[in-house]
Visitor: 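Got a structure here, written out as structure tokens. Questions coming.
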Number of protein chains: 2
Amino acid sequence: MLNQRKPRDGSTPKRDLLIATAFRLFYREGFHAVGIDTILAEAQLAKMTLYHHFASKEELIVAVLEQRSALVKEKVQAILKEAGPSPRKRLLAYFARYEAFFSSKEFNGCPFIRAVAEYPDIDTPVHQAVIRHKQSDIDTLQELLSGFDIADPKPVAHQIALLIEGALVSAHTFGNTSALAHARNAALALVKAAH
Amino acid sequence: MLNQRKPRDGSTPKRDLLIATAFRLFYREGFHAVGIDTILAEAQLAKMTLYHHFASKEELIVAVLEQRSALVKEKVQAILKEAGPSPRKRLLAYFARYEAFFSSKEFNGCPFIRAVAEYPDIDTPVHQAVIRHKQSDIDTLQELLSGFDIADPKPVAHQIALLIEGALVSAHTFGNTSALAHARNAALALVKAAH
DNA sequence: CTGTTGTTAGACAGTCCTGTCTAACAGTGG
DNA sequence: CCACTGTTAGACAGGACTGTCTAACAACAG
């Protein structure tokens, strides 16, 4: 068996496999609903491998969320870069990404919102990881909106963030109907009204 | 011990106590996180009392959500009645109710959204109970908006519903900041823009 | 009075959960 | 070559979970 390098971000093949497998199962069924034994069986890893990389299940969950957050940020930045300089095109590209997410067959709501639902206490590490991610979401949106001719883009960014959160929840609850289209229409109306 | 009448809605003192206690604990900590033993200890009831009224924990959860849904609907109807005929006043009263909810010290997000997060599969009875509630929420909003001079109030109702869902999630995630104010401002802007 | 229903306390089965520990092995760095 | 790290399989402890069952009692209906 190959021994693993130790890059400063702590990424190793087994660790990554653990996180990927854990995410898939947690996202499908829920954090409390999935036990570590299930994850280990699915990933075909031994229990000590998990407890070598993480001190507890909770730490694994935090790592899962952080990895997912990094992945999402990367993807969004790539899409915005591809969309070019037009603020309107950038905003539409931003929504288009969600559209793809919503209609993927694995879609099961927002993993971060679901994490907060299962770890409602704000002081828990899991909840804190979600806060970090959602804050960076809002920051991205604000930066995106600063391209428009709006006096104060900050409140608009927050409003659109609410629309997207709502669309994520609504699409999951009702099984993916027209939530995102409503959110996009409302967002465009708000941007227009803010001129 | 007093024997209990059996009204057609199935409400009895012990059953109600079970539901109320279960709601409090589920809402504070989560559905999977709270065991029935904890609920029974808190309510000071025997296990057989629970399984006399409900076939399973899941059935108890459904009953909890249905009771909560009825309670919310009742409250909203009362508030709208009190607000009088002015559509704008009614909408503001609607938001004011959420404001009170958000700033209550027990606030811990939306119990229905959290239920969906823990029961992500749409085919489960719990998830279905949430769908029923959220649909009636949208219906109420649509009726409320039909008072305005709007050509098609339906999409606006959906948009405002998204804002409120988003505000519920955001307030819980970040610990109750300005989410609802943003939602209200956006809602008023959308109503204005729809004229 | 008698039968029925709601209730109680507690034992119990059977499963699942997290986390620890051991013993053995493979590959790498020094 | 030796020490170290990552890994494996599996046993294990200790607890928590849902749901069942029993035996006894209380209140009411007929």
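Below, each value reflects all heavy atoms present in this structure, side chains not excepted, and no hydrogens, waters or symmetry copies. First the proteins, then the strands, lettered A, B, ... as listed; each starts at 1.
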Visitor: Atom CG of L50(A) to atom P of dA9(D): distance rounded to whole Å?
Guide: 14 Å
Visitor: Can you list the residues that meet the ring pair (Phe, Tyr, Trp, His ring centres under 6.0 Å) rule with Y27(B), with sequence neighbours excluded?
Guide: F23(B)
Visitor: Measuring to OP1 and OP2 of dG6(D), would you say a side-chain N or O of T12(A) lies under 4.0 angstrom away?
Guide: no
Visitor: Got a sec, which residues hit side-chain hydrogen bond (donor to acceptor under 3.5 Å, both in side chains) with E58(A), two or more places apart in sequence or on another chain?
Guide: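 None.
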Visitor: Could you identify which residues cluster with I138(A), counting Ile, Leu, Val, Met, Phe, Trp and Tyr as linked when any side-chain heavy atoms lie under 4.5 Å apart, either directly or through a chain of such contacts?
Guide: I122(A), I131(A), F174(B)
Visitor: Can you tell me which residue pairs pass the salt bridge (Lys or Arg N to Asp or Glu O under 4.0 Å) test with a partner in residues 159-179 of chain B, sequence neighbours excluded?
Guide: K134(B)-E165(B)
Visitor: Which parts of nucleotides 10-23 of chain D does protein reach within less than 4.0 Å, heavy atoms only, written one letter per nucleotide 5' to 3' as B for base, S for sugar-phosphate only and - for none?
Guide: -------SBBBBB-
Visitor: Starting at NE2 of H53(A) and ending at P of dT5(D), how long is that distance when rounded to a whole Å?
Guide: 14 Å
Visitor: Just to verify, what does D139(A) make a side-chain hydrogen bond (donor to acceptor under 3.5 Å, both in side chains) with, not counting sequence neighbours?
Guide: Q135(A)
Visitor: Taking atom C1' of dC16(C) as reference, at what distance in whole Å does atom CD of E29(A) sit?
Guide: 14 Å
Visitor: Between dA9(C) atom C1' and L45(B) atom CG, what is the distance in whole Å?
Guide: 12 Å
Visitor: Could you give the CZ-to-P distance, from F54(A) to dT7(D), as a whole number of Å?
Guide: 11 Å
Visitor: Atom NZ of K14(A) and atom P of dA26(C): how far apart are they, to the nearest Å?
Guide: 14 Å
Visitor: Rounded to whole angstroms, how far apart are CG on L17(A) and C1' on dT8(D)?
Guide: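 Nearest whole value for this atom pair: 15 Å.
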Visitor: Could you give me the CA-CA distance, side-chain angles and deciding distance for F102(A) and H172(A), then say whether ring-ring contact (aromatic ring centres under 6.0 Å, His included) is met?
Guide: CA-CA 9 Å; F102(A) 279 42; H172(A) 184 208; over 10 Å; no
